Amino acid sequence: MDVKDHTSWLDLDYKPKLPKNKSFGIGIVGAGEIVSEAHLPAYRMAGFNVVGITNRTRNKAEIVANRYDIPKVYDTVEELIFDPEVEIVDIALTADLQPDIVRMAAAAGKHVLCQKPLADSFSSAKSIVDMCDRAGVKGAINQQMRWAPGIRASHSIIQRGWLGEVTQATIQVNVNTNFANWSFLREVDTLEVMYHSIHYMDSIRFLLGTPEYIYADGAKYPGQRVKGETRTMLHMKFPGETRGLVHDNHNNWANVEDWFATFRFEGTKGIINGTNGALYNYPVGREDTISFISKEIDPNYWFSPTLEGKWFPHAFMGTMGELMRAIEEDREPENSVRDNLLTIQMLFAAYRSMAENRPVRLDEIQ
């Protein structure tokens, strides 16, 4: 049989898996852009049950509720948490506000989907894990790039052994992102890695495992309107000869035809090339692409399966769907807050590396 005509090679099982029971009541804390343009479109596609929403300014919550036919708008977070119809609290606020909301939700016996970054310090992140453990509730993190079509398909290829021993992961982004459009990002000292490249670090860890150390560099751009870094390079050293690299620049002033967001995963038996379609002319974007070659299948042929969906909003079905499935099956979610402590170690290792100009081992972050 000619493997090039054998369509089973292209069935990469990359779409988010949804729970049998989609009726879990979701209460959303926050009504910002990420909720209106990613959480709620994804939940509508999945058929999830959003019962209510709250926001610091009620009017903003009402606008989002009207747009998505959400039946309840709460005046306070406490009112949302203590509504018996709310079973999962979906937090979409900044990291500094997250621990207090998790504390209230966990004490009320509600499961939580936390926003990334999990916290603004490792100790705060660990406290969130402890709170969920003590209350016996499921805690998950919205590191949704793991469910982006290109990343999930790459995971399937790697798990099937088609890359052999993985030797290199490279993610490159060169776009124009006006971080000043988000008021909460204008004055933060830790910007690009904490709020963007954290996704790439988590995705590489999802694919390759946890690195031993990170060597990072962050830079600003002349005239930028934000305080924090907008250009970063992250070198990750894994056990043995495996390496990872993230090279990210958000200051490409050329037209969108020059923007790119690519990934490449290499191994002893195969290679994957792909694009992260969501970042092409963001927020419009396009669907992810992927192509791969493998000595295990045909060493002379590049497979190019068509992928459906984008990082935004489709991957958001994955994070919430996995939390619901974990509740159904009484297990820890793949994207649990406990698992995310390793990504948080990577995050703060990167910033310590920038500050001290040296490789920083993850176990230094405690």
Side-chain angles (χ1 to χ4, degrees), residues 8 10-29 34-35 38-53 65 68-72 80-92 102 105-106 108-116 128-129 132-133 135-160 202-203 206 287-288 305 307-340:
S8 66
L10 305 184
D11 181 13
L12 298 178
D13 191 27
Y14 63 90
K15 294 184 178 180
K17 290 182 169 54
L18 304 180
K20 296 175 183 176
N21 174 19
K22 298 181 182 180
S23 68
F24 291 103
I26 301 170
I28 302 180
V29 180
I34 196 66
V35 168
H39 290 236
L40 288 169
Y43 299 170
R44 175 175 281 178
M45 285 189 287
F48 294 159
N49 176 31
V50 179
V51 300
I53 187 169
Y68 287 98
D69 300 317
I70 300 172
K72 298 181 184 180
L80 178 149
I81 288 173
F82 290 111
D83 183 344
E85 290 190 41
V86 173
E87 299 168 271
I88 297 172
V89 178
D90 185 1
I91 305 168
V102 172
K110 306 300 173 78
H111 308 289
V112 291
L113 180 63
C114 296
Q115 187 55 264
K116 66 84 199 143
I128 287 175
V129 176
C132 291
D133 283 350
V137 300
K138 309 294 184 189
I141 180 77
N142 213 337
Q143 293 275 186
Q144 72 294 126
M145 193 181 182
R146 291 186 177 201
W147 281 272
I151 296 300
R152 205 73 186 184
S154 296
H155 183 262
S156 181
I157 291 168
I158 291 169
Q159 291 299 301
R160 296 177 190 189
D202 184 74
S203 294
F206 171 58
E287 293 185 319
D288 286 6
L307 300 179
E308 297 177 358
K310 297 181 292 186
W311 179 8
F312 296 87
H314 298 78
F316 286 72
M317 290 188 281
T319 44
M320 180 60 81
E322 171 61 10
L323 173 56
M324 290 181 176
R325 294 176 69 229
I327 296 168
E328 278 186 338
E329 299 164 16
D330 193 23
R331 60 171 174 80
E332 185 165 315
E334 172 193 311
N335 54 329
S336 70
V337 289
R338 183 187 310 282
D339 172 81
N340 196 248

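Position 1 is the first residue of the sequence, and the numbers go up from there. Predicted model, so just to flag it, every value in this text is computed and none were measured.
Leu307 approaches Ala153 most closely through the heavy-atom pair CD2-CB, 4.2 Å. Considering all non-hydrogen atoms of both residues, Val50 and Pro71 come closest at O-CD, 3.6 Å.
With hydrogens and angles disregarded, no donor-acceptor distance shorter than 3.5 Å links the side chain of Glu85 to the backbone of Val51. Panel note: side chain Lys110, backbone Ile81; a donor-acceptor pair is recorded below 3.5 Å. Within the 3.5 Å criterion, the main-chain N or O of Lys310 finds no donor-acceptor partner in the side chain of Glu287. The main-chain N or O of Gln115 is never found under 3.5 Å from a side-chain atom of Asn142 such that the two would form a donor-acceptor pair. At distances below 3.5 Å, at least one donor-acceptor pair connects side-chain atoms of Asn335 with backbone N or O atoms of Ile141. In this structure a side-chain-to-backbone donor-acceptor pair under 3.5 Å is missing from Lys22 to Asn49. Using a distance-only test at 3.5 Å, with no hydrogens or angles considered, a donor-acceptor pair links the side chain of Tyr14 to the main chain of Glu308. Although no hydrogens or angles enter the test, the distance criterion places a donor-acceptor pair under 3.5 Å between the side chain of Glu87 and the main chain of Gly25.
Checked by atom type, the side-chain pair Ser156/Arg160 shows a donor-acceptor distance below 3.5 Å. With hydrogens and angles left out, the side-chain atoms of Tyr43 and Asp90 include a donor and acceptor closer than 3.5 Å.
Within the 4.5 Å cutoff, side-chain heavy atoms of Glu322 are placed close to those of Trp147. You'll find the side chain of Glu332 stays beyond 4.5 Å of the side chain of Lys138, heavy atoms only. Taking the side chain as every heavy atom from C-beta outward, Asn21 and Glu328 approach each other to under 4.5 Å. No side-chain heavy atom of Ile53 sits less than 4.5 Å from a side-chain heavy atom of Val29. The shortest side-chain heavy-atom distance between Ile34 and Phe312 falls under the 4.5 Å cut-off. Side-chain contact between His111 and Val137 is present, with heavy atoms from C-beta onward closer than 4.5 Å. In this structure the side chain of Met317 never reaches within 4.5 angstrom of the side chain of Gln144, judged on heavy atoms.
Asp339 is linked by a salt bridge (charged side-chain N to carboxylate O under 4.0 Å, His left out) to Arg146, Arg205, counting only residues two or more places apart in sequence or in another chain. The side-chain hydrogen bond (donor to acceptor under 3.5 Å, both in side chains) test applied to Glu329 returns Arg331, not counting sequence neighbours.
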inquiry  = Between Phe206 and Met145, is the side chain to side chain contact (heavy atoms under 4.5 Å, CB included) condition met? List the steps.
reply    = CA-CA 10 Å; Phe206 171 58; Met145 193 181 182; over 6 Å; no
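Note that the CZ atom of Phe48 and the CD1 atom of Ile26 stand 6.5 Å from one another [nearest 0.5 Å]. A distance of 7.0 Å separates CG of Leu113 from NE2 of His39, quoted to the nearest 0.5 Å.
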